[in-house]
Amino acid sequence: MKEISCKVLVIGAGPGGYVCAIRAGQLGIDTVIVEAARPGGTCLTVGCIPSKALIHAAEQFEAMRGAAGGHSALGISVVEPSIDLSRTVAWKDGIVGRLTTGVSGLLKKANVKFIQGRARFRDGKTVEVATETGLQIVRAETVVIATGSLPVELSDLPFGETVLSSTGALALESVPETLAVVGAGYIGLELGIAFAKLGSTVTVVEAADRILPLYDAELTRPVARRLAALGIRTVLGAKAKGRSSGTGALIVEAAEGGRREIDAARILVAVGRKPAVDGWGLEELDLDRAGPLIRVDDQCRTSMRGVFAIGDVTGEPMLAHRAMAQGEMVAEIVAGRRRNWDKRAIPAVCFTDPEIVSVGLSVEEAKAGGREVKVGLFPFSANGRAMTKQGEDGFVRVVARADNHLVLGIQAVGQGISELSAAFGLALEMGARLEDIAGTIHAHPTQGEALQEAAMKALGQALHA
Ligand code: FAD
Ligand code: NAD
């Protein structure tokens with residue numbers, strides 16, 4: 001048994017943990033990071049990156065299939081394409097490999113000691129790690145819990161050969177003929193759309209009465225239209241109730257009680273994620289919880305002195321960039337800098353077709369409490385660049401205070417508009433007013449011009465609508 005001591009111990013090397021460790025190392029703090037699986041965590045290995053790789057491959061394939069019938073408006077024709085999903089998956093795994101190696105390199109460069117193995121708490125400042133070469137004890141002055149999250153399993157549909165979590169869906173080596181997706185949230189729709197483009201017949205079952213219930217209905221309408229165009233069936237207001245023992249079909253029950261069966265060679269269950277808090281001695285610490293989540297304050301401190309928690313294990317929004325921002329902040333706090341969570345907004349991007357971006361308050365949220373607001377919505381049907389990309393369904397919407405025009409929120413839905421999230425986030429973080437956005441020269445022809453036009457429209461000065 002080996003023993004080491006350090007100033008900071010980070011448990012989990014996902015986006016929260018690895019960023020925290022790198023920043024701590026850069027600040028000259030003696031840092032150790034322990035990871036049970038691969039550096040990069042959920043995001044790099046089975047989440048953000050692999051899903052976006054699959055989505056890209058599916059988009060390419062669908063575009064080629066569209067041209068194969070000879071009906072392409074662009075005048076392109078190709079012979080019927082085919083896809084070898086095992087090669088697609090190998091390509092995706094190559095990207096993951098490059099990124100995880102990159103994270104290892106960055107940790108090394110920042111002088112962070114990486115220990116491979118599952119950590120288990122002995123007490124609030126000591127963990128044991130079962131490594132390949134035996135038990136390693138790590139004692140630390142400060143501990144950062146960054147163990148992330150795991151997919152929620154439904155008791156009637158346990159994960160197995162044909163019932164898949166997102167991890168299983170991202171590793172499929174052939175395209176299932178029929179795919180039932182339980183949950184029309186982020187994962188269900190991002191992957192459901194991708195598999196429909198790859199050739200699966202997809203049915204999405206959602207408990208709420210509309211898709212993507214976390215976004216407002218105006219924002220999700222273009223996605224609903226695209227689902228219909230792709231032939232994806234949506235069964236709304238219904239819950240998955242298990243599989244038929246005979247046919248293997250998915251059984252769903254509508255809110256009012258009717259039952260139906262949905263053919264499904266594979267079932268993807270994507271009904272949310274839960275914090276990774278069980279099975280590694282965390283209960284010994286008796287930290288304050290918010291349900292299963294670890295409760296933290298605005299510096300990510302837990303109820304135990306010298307123990308921080310960051311990322312998915314602390315709850316919503318379970319997004320990689322939130323985890324990273326928390327990780328960077330905690331490293332600086334440990335280094336003695338004065339930091340607390342002072343972000344005005346965390347952008348959310350849903351990589352559906354079309355994509356959705358939301359930063360800050362929606363119209364309804366902004367109006368809460370009787371606040372007067374100005375709203376400007378500019379459609380991509382009036383944006384030249386969107387037309388040249390055949391992406392006219394969608395819009396940019398700006399929400400601002402009516403009295404001083406301070407921008408409270410920006411949302412958009414449209415083809416390939418995830419990159420606009422940077423401009424939206426910057427506008428909010430810098431406290432932009434409608435006049436700031438309207439007065440900024442936006443390059444032509446770009447989809448970003450729709451942001452300027454939306455601000456102008458809110459001011460009653462739109463030029464192109
Ligand atoms: P994780 O990334 O979950 O990392 C935690 C790490 O801790 C894991 O590597 C785990 O092995 C390790 N660990 C756990 N317990 C222990 C232990 N006891 N000892 C040692 N190590 C341990 N977010 C976005 O912002 N954009 C996206 O496009 C996006 N797409 C996604 C797509 C999918 C399919 C999924 C599943 C998620 C997606 N997410 C996306 C969410 C994103 O992956 C998470 O928000 C992010 O990974 C959280 O980072 P984290 O550091 O908190 O935890
Ligand atoms: P989610 O919370 O986005 O969606 C889950 C959906 O399942 C909800 O709409 C819910 O109403 C529905 N649901 C729950 N129980 C059900 C049941 N029994 N039958 C039918 N429907 C049911 O969860 P997710 O899609 O699993 O994603 C998990 C998390 O991962 C997200 O919340 C997000 O934080 C993260 N993520 C982010 C991105 C991104 O940023 N682009 C992509 C993927 C995942």
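Read the numbers this way: they start at 1 and go in the same order the structure lists the ligands and their atoms.
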Say whether [X] and [Y], considering side chains only, have a donor N or O and an acceptor N or O under 3.5 Å apart.
X      : Y      : result
Glu190 : Thr352 : no
Ser421 : Ser418 : no
Gln447 : Lys389 : yes

As a check for students: among [options], identify the option with a heavy atom nearest to [atom].
atom                    : options                        : value
atom 18 (N) of ligand 2 : Leu154, Leu236, Leu212, Ile211 : Leu154
atom 13 (N) of ligand 2 : Val271, Thr42, Asp209          : Val271
atom 52 (O) of ligand 1 : Asp278, Asp312, Leu191, Leu54  : Asp312
atom 39 (N) of ligand 1 : Cys48, Gly17, Gly47            : Cys48
atom 41 (N) of ligand 2 : Glu253, Glu190, His321, Lys52  : Glu190
atom 49 (O) of ligand 1 : Pro15, Ala13, Gly14, Gly311    : Pro15

Does the pair [X]/[Y] count as a salt bridge with the N-to-O cut at 4.0 Å?
X      : Y      : answer
Glu3   : Arg139 : yes
Glu392 : Arg225 : no
Arg397 : Asp216 : yes
Asp353 : Lys197 : yes
Glu332 : Arg23  : yes
Arg339 : Glu328 : yes

Close N or O approach (Ala320, ligand 1; < 3.5 Å) |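 Yes, there is a polar N/O contact under 3.5 Å.
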Do any N/O atoms on Ala36 end up under 3.5 angstrom from N/O atoms on ligand 1?
->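 Yes, since at least one N or O of Ala36 sits under 3.5 Å from an N or O of ligand 1.
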Measure [X] to ligand 1 on non-hydrogen atoms and call it side chain, backbone, both or neither using the 4.0 Å cut-off.
X      : value
Phe351 : side chain
Pro151 : neither
Thr167 : neither

Number the atoms of ligand 2 from 1 as they appear, then name those within less than 4.0 Å of a heavy atom of [X], with their elements.
X      : answer
Val205 : 20 (C), 21 (N)
Pro213 : 9 (O)
Met318 : 33 (C), 34 (O), 35 (C)
Gly183 : 6 (C), 7 (O), 12 (C), 21 (N)
Ala240 : 19 (N)
Val182 : 19 (N), 20 (C)
Leu319 : 37 (C), 40 (O)
Phe351 : 41 (N)

Report, in ascending order of atom number, the atoms of ligand 1 lying under 4.0 Å from any heavy atom of [X].
X      : result
Arg273 : 36 (C)
Lys52  : 27 (C), 28 (O), 29 (C), 30 (N)
Met318 : 41 (C), 45 (O)

Hey, which of Val296, Asp288, Ile294 is the one that makes side-chain contact (heavy atoms from CB on, under 4.5 Å) with Ser303?
->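 Exactly one option meets the side-chain contact (heavy atoms from CB on, under 4.5 Å) with Ser303, and it is Asp288.
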Give the residue, atom name and distance (to 0.1 Å) of the protein heavy atom nearest atom 2 (O) of ligand 1.
->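 Going atom by atom, the protein heavy atom closest to atom 2 (O) of ligand 1 ends up being Thr42 N, 3.0 Å.
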For atom 17 (C) of ligand 1, which protein heavy atom lies nearest, and how many Å away is it?
->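 Checked against all protein heavy atoms, atom 17 (C) of ligand 1 sits closest to Ala119 N, 3.7 Å.
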Is ligand 1 less than 4.0 angstrom away from at least one heavy atom of Gly279?
->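 For ligand 1, residue contact (heavy atoms, under 4.0 Å) with Gly279 is absent.
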Between Arg243 and Ala264, is there a donor-acceptor pair closer than 3.5 Å when you use the side chain of the first and the backbone of the second?
->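 Between the backbone of Ala264 and the side chain of Arg243 there is a qualifying donor-acceptor contact (under 3.5 Å).
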Could you establish whether Ser51 and ligand 2 come within less than 4.0 Å of each other, counting only heavy atoms on the residue side?
->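 No, that is not the case, since the closest heavy atom of the residue is not under 4.0 Å from the ligand.
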